[in-house]
Amino acid sequence: MFKKKRWLTSLALGLGLAFMAYRAYAGDPTGAETLKKDAGAPVDYVWVLVCAFLVFFMQAGFAFVESGFCRAKNAVNLMMKNLMDFVMGSLAFWAVGYALMMGNDWHGILGTTGWFLHGDAYDVHTYLIWMFEVVFAATAATIVSGGVAERIKFPVYLFYSILVSLVIYPIYGHWVWGGGWLSKLPFGIGAVDFAGSGVVHAIGGTIALVGAMMLGPRIGKYDEKGNVKPILGHSMTMAALGVFILWFGWFGFNPGSTLSAHELRISVIAVNTNLAAAAAALSALIFMKLKHGKWDLGMTLNGVLAGLVAITAPCAWVEAWAAVVIGLIAGILVCLGVIMLDKLHIDDPVGAFPVHGLNGLWGVISVGLFADGTYGNYTTAAPHVIGLFYGGGLGQLIAQLISAVVCFVWAFVCGWITFSIAKGLFNGIRVSPEEELEGVDIIEHGTPAYPDFQLVKH
Amino acid sequence: MFKKKRWLTSLALGLGLAFMAYRAYAGDPTGAETLKKDAGAPVDYVWVLVCAFLVFFMQAGFAFVESGFCRAKNAVNLMMKNLMDFVMGSLAFWAVGYALMMGNDWHGILGTTGWFLHGDAYDVHTYLIWMFEVVFAATAATIVSGGVAERIKFPVYLFYSILVSLVIYPIYGHWVWGGGWLSKLPFGIGAVDFAGSGVVHAIGGTIALVGAMMLGPRIGKYDEKGNVKPILGHSMTMAALGVFILWFGWFGFNPGSTLSAHELRISVIAVNTNLAAAAAALSALIFMKLKHGKWDLGMTLNGVLAGLVAITAPCAWVEAWAAVVIGLIAGILVCLGVIMLDKLHIDDPVGAFPVHGLNGLWGVISVGLFADGTYGNYTTAAPHVIGLFYGGGLGQLIAQLISAVVCFVWAFVCGWITFSIAKGLFNGIRVSPEEELEGVDIIEHGTPAYPDFQLVKH
Amino acid sequence: MFKKKRWLTSLALGLGLAFMAYRAYAGDPTGAETLKKDAGAPVDYVWVLVCAFLVFFMQAGFAFVESGFCRAKNAVNLMMKNLMDFVMGSLAFWAVGYALMMGNDWHGILGTTGWFLHGDAYDVHTYLIWMFEVVFAATAATIVSGGVAERIKFPVYLFYSILVSLVIYPIYGHWVWGGGWLSKLPFGIGAVDFAGSGVVHAIGGTIALVGAMMLGPRIGKYDEKGNVKPILGHSMTMAALGVFILWFGWFGFNPGSTLSAHELRISVIAVNTNLAAAAAALSALIFMKLKHGKWDLGMTLNGVLAGLVAITAPCAWVEAWAAVVIGLIAGILVCLGVIMLDKLHIDDPVGAFPVHGLNGLWGVISVGLFADGTYGNYTTAAPHVIGLFYGGGLGQLIAQLISAVVCFVWAFVCGWITFSIAKGLFNGIRVSPEEELEGVDIIEHGTPAYPDFQLVKH
Amino acid sequence: MKKVEAVIKPFKLDEVKEALVEVGVYGMTITEVRGFGRQKGHTEVYRGAEYTVDFLPKVKIEVVVPEELAGKVVEVISRAARTGKIGDGKIFILPVEEAMRIRTGETGKDAL
Amino acid sequence: MKKVEAVIKPFKLDEVKEALVEVGVYGMTITEVRGFGRQKGHTEVYRGAEYTVDFLPKVKIEVVVPEELAGKVVEVISRAARTGKIGDGKIFILPVEEAMRIRTGETGKDAL
Amino acid sequence: MKKVEAVIKPFKLDEVKEALVEVGVYGMTITEVRGFGRQKGHTEVYRGAEYTVDFLPKVKIEVVVPEELAGKVVEVISRAARTGKIGDGKIFILPVEEAMRIRTGETGKDAL
Ligand SMILES: Nc1ncnc2c1ncn2[C@@H]1O[C@H](COP(=O)(O)OP(=O)(O)O)[C@@H](O)[C@H]1O
Ligand SMILES: Nc1ncnc2c1ncn2[C@@H]1O[C@H](COP(=O)(O)OP(=O)(O)O)[C@@H](O)[C@H]1O
Ligand SMILES: Nc1ncnc2c1ncn2[C@@H]1O[C@H](COP(=O)(O)OP(=O)(O)O)[C@@H](O)[C@H]1O
């Protein structure tokens with residue numbers, strides 16, 4: 001370990017940051033030591049960073065999908081939310097979240113080191129992993145915004161998105177990825193989730209469900225007779241761009257999760273990711289065509305995302321045909337989910353739960369079915385993950401089922417508590433009916449999204 | 001070769017996929033063996049994958065260029081097409097196309113192995129190459145959609161885009177890239193096309209031409225006196241974003257085609273790509289300014305694409321000044337092409353043929369002129385490619401001319417056959433005049449693209 | 001060095017390029033020699049190229065931020081400008097700019113080799129560096145377009161954007177990055193600027209200020225009583241997308257500036273970049289909320305950019321908490337800057353100076369305060385950069401202050417001269433009031449941006 | 001015949017339409033407009049500077065009806081569009097001399 | 001003077017305009033509107049749920065003409081705009097009391 | 001009561017509005033329209049082909065005022081909207097038979 005001691009006179013003029021009189025770096029902040037020990041590090045760093053950048057870009061994708069599927073009068077608000085959840089997420093994950101999730105394990109429940117990336121955590125490798133993890137944490141928060149769109153108060157949004165990145169996501173994340181108890185279940189090789197169908201998507205999607213339930217439907221979504229009256233989004237091209245960006249970003253999300261370019265399995269992961277998305281788009285397209293006689297762009301776009309979410313857990317453990325099958329099922333599932341929510345009068349404007357929640361859970365479970373026994377736990381080395389269809393028996397499937405149930409319950413309960421607290425703190429979580437009718441853009445943010453275009457909301 | 005035998009009980013419950021009772025992997029699905037044999041593999045994998053992701057993102061670019069240059073009433077349809085050709089292309093290329101193109105050569109005509117990426121093809125390297133090739137295949141299909149925009153029936157679109165990825169593209173691709181007969185012509189070092197000016201762009205552009213001819217012009221494009229009445233696109237900012245995305249993606253398209261980061265020539269390729277695009281934009285801008293007195297954004301954007309298409313074949317074999325010259329010519333060519341099509345009353349709404357067809361062919365031919373003899377066939381090793389201007393004589397030029405002619409004829413004939421079959425199968429390939437006037441979005445897809453904005457088409 | 005002599009008969013038929021009868025490559029155009037000498041080169045090439053591609057994509061980000069913050073009637077014009085400055089910049093930097101900046105140093109004032117990337121410069125490494133530098137040069141020019149938006153004549157724009165890439169940017173760039181005199185100041189280790197807060201952003205931002213001052217405010221921006229009457233941009237979603245793209249691209253801008261993946265410090269740089277952006281967004285958000293009671297999206301987006309600009313110089317030399325502090329200050333600075341310009345009746349439509357100018361200078365200076373002495377001059381080796389707060393004394397701070405002053409003065413004076421010359425050459429630099437009222441799109445470019453949408457400017 | 005022109009709050013459009021259909025109006029034409037009136041625009045903020053929104057989004061409904069229906073139509077619209085808050089809008093009655101259905105060439109009341 | 005107001009199908013605008021110019025109309029004003037009428041909206045689908053489009057896009061043409069030209073204008077519009085299918089639209093004639101050209105201050109017929 | 005309808009150049013809107021407010025007009029409704037007139041459209045270019053823009057963007061202002069104010073309103077608008085260049089627009093006066101304020105049900109002049 002590179003060690004360096006130095007007396008620093010930390011003046012911190014005017015900033016009130018005079019706390020660092022003595023510094024010792026137990027980490028390797030320059031990277032010189034790390035490189036010496038592992039000459040292959042540069043390509044891994046490049047891989048992980050580039051993938052992290054791609055995942056970051058998914059924020060734009062989410063912003064565009066959600067905003068496109070909602071009305072112009074709330075477009076500023078949705079941009080603001082998708083920006084600010086990443087902002088709050090970055091800061092919260094820097095201060096606390098990362099330490100809880102990836103710090104040294106404490107009884108299988110949470111991590112305890114790396115606060116503020118300070119001290120020993122000032123190390124090129126720690127910073128690298130943080131960079132990759134932070135974009136995942138923010139994704140979980142971002143997913144929620146779709147389900148609560150067009151009616152949640154902005155401060156409530158800030159509040160819960162901090163909580164997601166600070167606590168809710170990191171703790172379940174620790175259980176699966178940080179060496180926590182789920183990863184040590186005595187079934188299969190323990191619960192696994194390659195890139196986060198559960199950790200990221202099902203967590204986010206389930207909280208979105210809770211949010212949508214607690215807020216109630218948007219004014220006008222269901223008429224007195226209980227009929228669905230769809231509220232059309234304001235820009236299908238924006239939504240489509242969002243999906244293209246997400247698909248693009250997902251190539252960082254899944255293959256990047258090896259955290260190493262020396263795992264050549266990355267090519268298989270990329271192909272599986274692509275095929276599942278394609279297959280799900282196709283099955284959603286056909287399902288809607290058969291049901292309504294139209295080539296439904298909105299649901300086909302949701303289909304793509306459903307396929308991507310579903311393949312996220314199994315991407316490294318299955319082969320191409322399985323990715324196609326997982327995707328085909330995902331495409332149907334998302335359609336059924338959207339229809340089901342409408343039946344239940346739960347108004348989820350962009351399909352956050354059917355896409356991320358339902359398919360996140362399906363992805364987690366699918367590992368227990370399709371894992372083909374050629375790949376291990378982020379390594380080519382044994383033990384390999386084998387599912388039911390490849391002769392692995394029920395072990396892995398049971399681990400996956402437990403993990404899925406825990407994931408849903410954890411997110412649901414945490415979500416419920418979070419929004420309940422918010423209700424008290426912010427005097428209700430929903431904007432007034434007047435504000436909802438006029439749109440939150442002008443009232444909360446002072447600016448309509450498209451002032452040049454005459455535009456009447458109804 | 002990594003070999004592994006294992007008895008698998010493939011239950012495939014409910015999926016009807018019970019065909020795999022015994023599995024032997026002749027390939028290397030984990031990548032462990034591949035890494036052992038080639039310690040430099042990780043950086044190549046990273047390079048090829050990242051470039052493939054960039055090329056994937058070009059789908060969004062095409063969607064936006066085409067949609068921006070067309071009317072709002074067809075914007076949903078164009079998004080759907082640009083999405084679905086990638087979806088169908090992925091699945092078709094997975095099942096059949098890849099095997100035809102890159103499988104073991106059969107008499108120089110087609111490939112014959114790797115169907116469904118199954119069996120021996122379950123191998124990290126095969127998956128890697130598939131990932132890179134599939135985004136190229138889909139690009140060829142996508143190009144067509146611009147030429148047939150705003151009037152083709154959606155099922156016809158699905159039909160031909162499957163055929164392109166299934167057969168038309170892979171077979172010509174095999175002739176040039178898969179070890180087929182064109183690559184073995186006894187002139188120069190055989191026909192070459194570094195990243196696909198011909199294989200991808202001229203194929204796509206020529207089929208677009210056939211489509212535009214067989215569909216006939218959009219209602220109102222040419223008046224009774226034969227005058228052109230331009231039909232303005234609905235969003236120049238979308239079109240511009242599309243071009244920026246395409247330029248960005250092209251940095252994956254061309255440099256990535258080395259399929260190896262150990263070919264440091266990638267830097268030269270990137271620079272050439274950039275300079276040709278810039279030069280073509282400039283010559284198109286000036287050409288239109290001189291002709292019409294306006295700084296024409298639409299044609300300047302087309303100029304960028306023309307330069308990118310033209311440099312795609314020669315990018316690895318020329319130096320900077322040649323890239324500039326190739327680009328300058330491309331920028332003029334695309335303007336002349338657009339004007340020529342209008343003279344012939346062939347209505348190509350986004351200039352698919354002038355951009356991809358004409359300049360694809362120009363790119364293929366330019367190799368025979370400007371190749372400077374410093375680089376070989378995807379390798380620094382000899383034989384190097386030398387063109388006429390660098391003392392290489394006529395050999396390479398002849399190979400390139402043959403390849404260009406074959407490319408055009410193959411695409412034209414295949415396109416004609418495809419659309420003719422479609423005419424029979426789908427009871428005509430064009431939507432009804434009512435649908436065309438109202439826009440296909442609402443009738444085929446059920447949703448206008450921008451429901452919030454009062455919008456009248458005329 | 002790879003050497004190769006060959007008689008080439010350069011026919012250059014019809015192109016008038018018959019000047020190359022004899023060619024000798026002192027460089028290594030194939031890359032074979034370079035690879036032989038440095039087996040680690042591939043990963044560095046991949047890193048630098050991918051980062052350069054990301055930085056290229058920032059052009060789309062600038063185009064969208066600027067266009068979104070301006071009115072629809074000038075959207076075509078803004079797309080054109082953001083395209084053409086990259087086009088002109090690429091060609092100018094190819095011909096002259098690169099040589100001036102990175103060529104062999106002449107008396108610490110300018111570089112003198114590498115014109116047209118010709119001769120010895122035909123070398124994989126030179127091309128690599130050119131590719132990375134050209135996207136920086138074009139960024140400097142692009143920044144200006146925001147400040148002069150909606151009223152500058154298009155030919156004037158072309159004129160100055162050539163000059164920026166040809167002379168103004170390269171010369172200051174040479175002083176800091178090309179081994180020029182600022183880098184050799186006898187304070188600290190000489191003036192440093194990791195990725196160009198000063199070289200790129202303060203230069204661009206300051207010229208934007210000059211442009212905005214010399215053009216005068218847009219009609220209607222300040223009323224007779226001197227009140228500010230904000231002119232709303234036409235699309236906040238476009239502006240937001242632009243910012244997401246810029247943030248994404250900045251991950252190439254800053255970490256890529258190591259020019260080597262073997263500097264594992266890239267992970268620290270990426271994290272700092274991210275945290276500064278997040279912190280600045282937050283402080284801008286809160287500042288505006290306290291001042292006006294609204295969650296102001298426009299200024300929050302500017303806050304993100306301010307944070308990114310500010311961290312650009314210090315990104316490699318500080319740790320996470322310092323990045324957060326630098327960002328928090330940047331977010332406040334940009335708000336104060338926007339308000340100050342309005343007080344002075346300088347109309348900078350997108351905040352180019354507060355974002356890039358002010359925060360560029362702040363970034364340069366911040367190095368002298370926060371540099372923590374763990375990293376050297378693009379290398380892990382000593383001498384390391386140490387600022388005031390880490391016991392480095394005033395040396396580095398003085399170097400940074402000198403560099404900041406020189407930067408501002410150089411850009412201001414050059415900008416003033418450039419626009420003054422333009423005034424004479426083009427008979428004034430501003431469009432006529434009629435054109436300004438109608439919008440420059442139709443008059444200069446022949447096409448409105450959104451012809452399908454009924455749209456009235458006022 | 002009379003033309004009844006009503007400027008209403010946009011979100012009331014559906015209710016007004018349904019009320020009109022109930023009293024036997026078969027056709028109407030609507031336009032997106034902006035209104036200036038006693039309902040003062042708010043002060044908003046854009047990039048740190050304040051501005052006033054004078055013109056608020058409204059919807060204009062035009063219905064041409066036979067003379068005898070005009071009173072009923074006014075009543076129905078005013079009932080359906082009323083929220084009681086400022087800015088509810090106005091209704092105007094204008095004389096119409098003739099009407100024609102383009103499709104058939106019918107004129108007068110038959111055209112409506 | 002009379003104001004002729006016609007609500008027509010959008011794609012007929014060019015034909016109507018040309019027909020009007022031929023009979024000596026020098027000016028007109030058009031507005032994008034949405035029409036509700038006998039031409040029923042279709043049922044469409046958005047993200048898996050059905051909805052009805054009640055208001056269809058139409059274009060409103062307003063032409064102020066001297067009294068004697070009104071009949072001719074109505075005839076010309078109705079001919080050019082007719083497709084014979086439901087939804088072709090309506091023409092209304094309204095009285096106008098005065099007209100002024102802003103540029104010159106001319107009034108009456110001279111202003112048209 | 002009279003309805004004064006003015007079609008003006010869009011950038012004149014603010015001036016006209018302020019002038020109207022000064023003479024005591026409390027409300028108005030504006031619509032984005034396109035005008036065809038003596039001010040000929042320009043020839044433009046799109047992707048290398050020329051086209052003519054016939055319809056130019058204009059703003060229509062509608063103000064309903066008591067009979068006695070109509071003349072004043074016309075005068076005020078024409079003064080504020082005039083640039084002297086072709087295309088300044090027109091003002092028309094139409095009769096209005098009744099007006100109602102939806103919020104209160106007031107009618108006649110009180111409704112304005
Ligand atoms: N004199 C008028 N002429 C035309 N339109 C008017 C007039 N007065 C008001 N309006 C329209 O009616 C709308 C509502 O008027 P306002 O004075 O705000 O509230 P209220 O109708 O409750 O008195 C205005 O926004 C405007 O569109
Ligand atoms: N009573 C009315 N008042 C105002 N506009 C009307 C009226 N009736 C119809 N319209 C307009 O005319 C259009 C066409 O009318 P519709 O009844 O659909 O078909 P048709 O004109 O063939 O009978 C409608 O969309 C609407 O804009
Ligand atoms: N007869 C008319 N009926 C309705 N609107 C008209 C008429 N004539 C002109 N207009 C409107 O007035 C605008 C200005 O008219 P134009 O003839 O171009 O210039 P000017 O008013 O200076 O004579 C037109 O664009 C159109 O909107």
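A note on names: the letters A, B, ... follow the listed sequences, proteins ahead of strands, and every chain is numbered from 1.
- In this structure, the portion of F64(A) lying under 4.5 Å from any heavy atom of chain C is its side chain and not its backbone.
- Neither the backbone nor the side chain of D44(C) has a heavy atom closer than 4.5 Å to any heavy atom of chain A.
- Taking the six-membered ring for Trp and the full ring otherwise, the centers of F244(A) and F248(A) sit at least 6.0 Å from each other.
- Only the side chain of V50(A) comes within less than 4.5 Å of a heavy atom in chain C; its backbone stays farther off.
- Only the side chain of S67(A) comes within less than 4.5 Å of a heavy atom in chain C; its backbone stays farther off.
- Side chains of D28(A) and Y122(A): a donor-acceptor N/O pair is absent below 3.5 angstrom, by distance only.
- Neither the backbone nor the side chain of I129(A) has a heavy atom closer than 4.5 Å to any heavy atom of chain C.
- Per-residue heavy-atom pair counts under 4.5 Å with chain A were compared for L275(C), L328(C), L282(C), and the maximum is reached by L275(C).
- Among the candidates D296(C), N274(C), V43(C), the residue making the largest number of heavy-atom pairs closer than 4.5 Å to chain A is N274(C).
- Here W295(C) is the residue among W247(C), W47(C), W295(C) with the most heavy-atom pairs under 4.5 Å with chain A.
- Heavy atoms of V48(A) lying under 4.5 Å from chain C are absent altogether.
- Side chains of T142(A) and Q59(A): a donor on one and an acceptor on the other come within 3.5 Å.
- In this structure, the portion of F57(C) lying under 4.5 Å from any heavy atom of chain A is its side chain and not its backbone.
- Put simply, the side chain of M131(A) does not reach to within 4.5 Å of the side chain of F56(A), judged on heavy atoms.
- Heavy atoms closer than 4.5 Å to chain C are found in both the backbone and the side chain of L83(A).
- A tilted orientation is assigned to the rings of Y45(A) and H125(A), their planes being inclined by 30° to 60°.
- Using modelled atom types, one finds a donor on one side chain and an acceptor on the other under 3.5 Å when comparing Y450(A) with T237(C).
- For the pair K153(A) and F426(A), the cation-pi criterion (under 6.0 Å, within 45° of the ring axis) is not fulfilled.
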